[in-house]
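In what follows, a single structure is set out as structure tokens and then discussed.
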Amino acid sequence: MERTGPTVRFSGLLAAATAAVLAAGALVATAPAAGAADVDLARNGGFESGLEGWSCTAASGAAVSTPVHGGTKALKATPAGSDNAKCSQSVTVKPNSSYTLSAWVQGSYVYLGASGTGTTDVSTWTQSSGAWKQLTTTFRTGPSTTSVSVYTHGWYGTPAHYVDDLTLVGPGGDPVVIPAVPAGLKTTAIASSSVALSWNAVSGASGYNVYRGGTKVATATGPSATVTGLTPSTAYSFQVSATNAAGESAKSAAVTATTTAGGGGGGDTKLPARALVGYLHSSFANGSGYTRMADVPDSWDVINLAFGEPTSVTSGDIRFALCPVAECPNVESEAEFKAAIKAKQAAGKKVLISIGGQNGQVQLASTAARDAFVTSVSKIIDTYGLDGLDIDFEGHSLSLNTGDTDFRNPTSPVIVNLISAVKSLKAKYGSDFVLTMAPETFFVQLGYQFYGSGPWGGQDPRAGAYLPVIHALRDDLTLLHVQDYNSGPIMGLDNQYHTMGGADFHIAMTDMLLAGFPVAGNTSRVFPGLRPDQVAIGLPASTQAGNGHTTPAEVNKALNCLIKKTDCGSYQTHGTWSDLRGLMTWSINWDRFNNWEFSRNFDAYFGN
């Protein structure tokens, strides 16, 4: 969130990644001799059967008869726009085994690699190849790895390239068998029209089917799912099965759940079923003008005080004060401000302190900073009688150290200490503590493609850096409202890039949060989807508030698609998210400046 004008922070990532890749150009491994028991495991590596066995992004791949290296066909792949023409296939392998991956390629900037190895994912490339050239790399699988993804791709903006005679040589994997029946099925959240479920992961499973009363109602890639579209105050029975290429397991033991009565759905936080969240410029003024707490309309259900900021980047000592009179001539007194907060709370509203913002860089790099954060934030909450905390860390507050590659088990101190600090606050204030987060797309959805500094190093270490925080705190999280603005193009689950400013961007970005996604393309590290009642869409309230303003008509299209599965355009959601909580905006002040267009549209859409 900005005090001043909008900014876009996407310029460095791909440039850094490109530089790192170019620097690694000489790293083409020499293949060891294959063992006697080794076989070629790649299917249709010569593309003689067209693209059978291969999955290519967009319409980038085709089998052609010229040029070829061997046989009668080869792959022609054409990068277009933001699509690098990636073609891949999943191959069954043995754990703790060595493999050699090779392919003949022709063209500029052609890549060959393997991911999901369970050890170190590998790739190699050629910068310029006017004639056929062989690329070769090797890897060893991890102790539990039974499949890997092998792939080729080009580079953005380059001409078509060709691939032929791709081989993966090594011990053949054990035959795929039907996975075991999932165990541990339980409910994790129950609302008026949805039930969230989780279960134990099953070895060898590539997906799961969820059944309600014996009828399949949902699929999932990881061991959790949310079943929506249910009736309030109704009992349901659920089962789950595991699937892979060999088939589907039997259904698990059933678990029963009764949905809550309609009109609620916020758990102990007591949020309304549809909530409007807004930031109130309480500590500063800008072009939108100062708005008193008492003048905030009743439309706003959650009011985030912007901002609490640190005394220094690494101190962890957070301070908050009302805007100075010299900057905000109409600012209320402390006593008036506190009284207005109590009045809002008496009317059922939640008032939170938001930490960070564009200027408030917070790096909890030490345990001392962590402890100072807990102490100082507690003091602000107690002083003003607030309901909880909003984390709006931007800029360089969160980043991943080199080697911190698994969002499920983070090791970077700034990540680990933030998680610990928030858990301490939650434990102190109990179940009524409201916790919200407002990350940028760079720190969340970009994690579908990039995570941290990447396999080659050199990527922006902030990419996807919010994911371990969200994941660790998902059971404590009231609302996640990612900022769908001030963003570069982001790849969605359809492997297409989506651009801010219209319904499509909000549909694709929100669907990713609800469906879940593999982090950095690693199918063994899937970020599980959140419950719909934990998610709101973040938008700017006016054209002055930030890049990516979305008109009310486009906002309504996005809501129609996500909640009702209508007006979806070309993007197909992975569910009907009828319990989606609502909308967030930067900011209440900018909405007032814009004659309350944003909040009036929210009220009209939901019939408030």
- Item | Parallel, tilted or perpendicular: rings of Phe393 and Phe373 (30°, 60°) | perpendicular
- Message: Would the distance check show the side chain of Glu309 and the main-chain N or O of Ile318 forming a donor-acceptor pair, the cut-off being under 3.5 Å?
- Response: no
- Task: Quick one: pull up CD in Gln534 and CG in Leu514 and give me the separation to the nearest 0.5 Å.
- Result: 9.5 Å
- Task: Any chance you could lay out the side-chain contact (heavy atoms from CB on, under 4.5 Å) test for Leu112 and Val110, step after step, and finish with the verdict?
- Result: CA-CA 7 Å; Leu112 174 70; Val110 188; over 6 Å; no
- Query: Under 4.5 Å between any side-chain heavy atoms of Val302 and Leu276, yes or no?
  - Reply: no
- Message: Quick check on the 6.0 Å ring-centre criterion: do Tyr109 and Trp155 meet it?
- Response: no
- Determine whether the aromatic ring centres of His498 and Phe505 lie less than 6.0 Å apart. no
- Among Thr585, Asp392, Thr441, the one residue meeting side chain to side chain donor-acceptor pair (under 3.5 Å) with Gln483: Asp392
- Query: Should the ring pair Phe284 and Phe307 be called parallel, tilted or perpendicular, given that the plane angle runs from 0 to 90° and is split at 30 and 60?
  - Reply: parallel
- Task: Would you indicate whether the side-chain heavy atoms of Leu389 and Thr436 approach each other to under 4.5 Å?
- Result: no
- Going from CG on Leu75 to SG on Cys87, what distance comes out if it is rounded to the nearest 0.5 angstrom? 4.5 Å
- Item | Contacts of Asp504 that satisfy salt bridge (charged side-chain N to carboxylate O under 4.0 Å, His left out) - sequence neighbours left out | none
- Item | side-chain contact (heavy atoms from CB on, under 4.5 Å) between Leu398 and Leu418, worked out | CA-CA 9 Å; Leu398 294 182; Leu418 175 60; 4.0 Å; yes
- Message: Here's a test for you: under side chain to side chain contact (heavy atoms under 4.5 Å, CB included), which of Val148, Val150, Val93 qualifies with Tyr99?
- Response: Val93
- Message: Could you tell me if Arg462 sits above the aromatic ring of Phe450, with its cationic atom closer than 6.0 Å to the ring centre and no more than 45 degrees from the axis?
- Response: no
- Any side-chain heavy-atom pair of Ile588 and Ile303 under 4.5 Å: yes
- Short question: side chain of Thr145, backbone of Thr141 - any donor-acceptor pair under 3.5 Å? no
- Query: Out of curiosity, Asn304 CG to Leu352 CG, how far, rounded to the nearest 0.5 Å?
  - Reply: 4.5 Å
- Backbone of Thr117 reached by a side-chain donor or acceptor of Asp121 within 3.5 Å: yes
- Note on the structure: Residues Leu479 and Val277: closest non-hydrogen pair is CD1-CG2, 3.8 Å
- Item | Shortest non-hydrogen separation from Pro310 to Ser315 and the atoms involved | CB-OG, 4.2 Å
- Message: Ignoring hydrogens and geometry beyond distance, is a side-chain donor-acceptor pair present between Ser102 and Thr136 at under 3.5 Å?
- Response: yes
- Short side-chain donor-acceptor distance under 3.5 Å, His161 and Ser108: no
- Item | Residue pair Trp586 / Asp591, side-chain heavy-atom distance below 4.5 Å | no
- What pair of heavy atoms forms the shortest contact from Asn401 to Pro413, and how long is it? ND2-CD, 3.4 Å
- Query: Can a donor-acceptor pair be found between the side chains of Tyr571 and Asp494 at a distance below 3.5 Å?
  - Reply: no
- Is Lys86 close enough and on-axis enough to Tyr151, meaning under 6.0 Å and within 45°, for cation-pi? yes
- Message: Can you give me the closest heavy-atom contact between Leu477 and Ile470, atom names plus distance?
- Response: CD2-CG2, 4.3 Å
- Query: Stepwise, does the side chain to side chain donor-acceptor pair (under 3.5 Å) test hold for Ser587 with His281?
  - Reply: CA-CA 8 Å; Ser587 61; His281 309 179; 2.7 Å; yes
- Task: Could you tell me how the ring of His481 sits relative to the ring of Tyr279: parallel (under 30°), tilted (30 to 60°) or perpendicular (over 60°)?
- Result: perpendicular
- Over all atoms of both residues, closest heavy-atom pair of Phe139 and Thr120: CB-O, 4.5 Å
- Task: For Ser412 and Asp404, test the side chains for any donor-to-acceptor distance below 3.5 angstrom and give the result as yes or no.
- Result: yes
- Closest non-hydrogen atom pair, Gly287 against Trp590: C-CH2, 3.8 Å
- Non-hydrogen side-chain atoms of Val482 and Ile537 separated by less than 4.5 Å: no
- Query: Below 4.5 Å, heavy atoms only, C-beta onward: do Val526 and Val519 meet side chain to side chain?
  - Reply: no
- Distance in Å, Met500 CE paired with Asn486 CG, rounded so as to fall on 0.5 Å steps: 6.5 Å
- Note on the structure: Residues at least two apart in sequence or cross-chain that pass side chain to side chain donor-acceptor pair (under 3.5 Å) with Ser354, listed by chain then number, are Asp390
- So, does Gln134 use its side chain to make a donor-acceptor pair with the main chain of Trp104 at under 3.5 Å? no
- Compare all side-chain heavy atoms of Ser224 with those of Pro528 and state whether any distance is below 4.5 angstrom. yes
- Note on the structure: CD of Gln449 to CE of Met491, rounded to nearest 0.5 Å, is 4.0 Å
- Message: Between Ser90 and Ser149, is the side-chain contact (heavy atoms from CB on, under 4.5 Å) condition met? List the steps.
- Response: CA-CA 4 Å; Ser90 179; Ser149 176; 5.5 Å; no
- Nearest-0.5 Å distance, CD1 of residue Ile507 to CH2 of residue Trp577: 13.5 Å
- Query: Are any of the side-chain heavy atoms of Arg525 and Thr405 separated by less than 4.5 Å?
  - Reply: yes
- Message: Checking the side chain of Ser282 only, and the main-chain atoms of Leu280 only, is there a donor and an acceptor separated by less than 3.5 Å?
- Response: yes
- Quick one: do the His506 and Thr550 side chains pair a donor with an acceptor below 3.5 Å? yes
- Would you say the side-chain atoms of Asn495 and Tyr448 include a donor-acceptor pair closer than 3.5 Å? yes
- Under 3.5 Å, is there a donor-acceptor pair between the Tyr466 and Gln445 side chains? no
- Query: For Ser98 and Arg140, does a side-chain donor sit closer than 3.5 Å to a side-chain acceptor?
  - Reply: yes
- Charged N to carboxylate O under 4.0 angstrom, Arg319 versus Asp317? yes
- Take Leu168 and Thr100 through the side-chain contact (heavy atoms from CB on, under 4.5 Å) test and state the conclusion after the steps. CA-CA 6 Å; Leu168 179 66; Thr100 299; over 6 Å; no
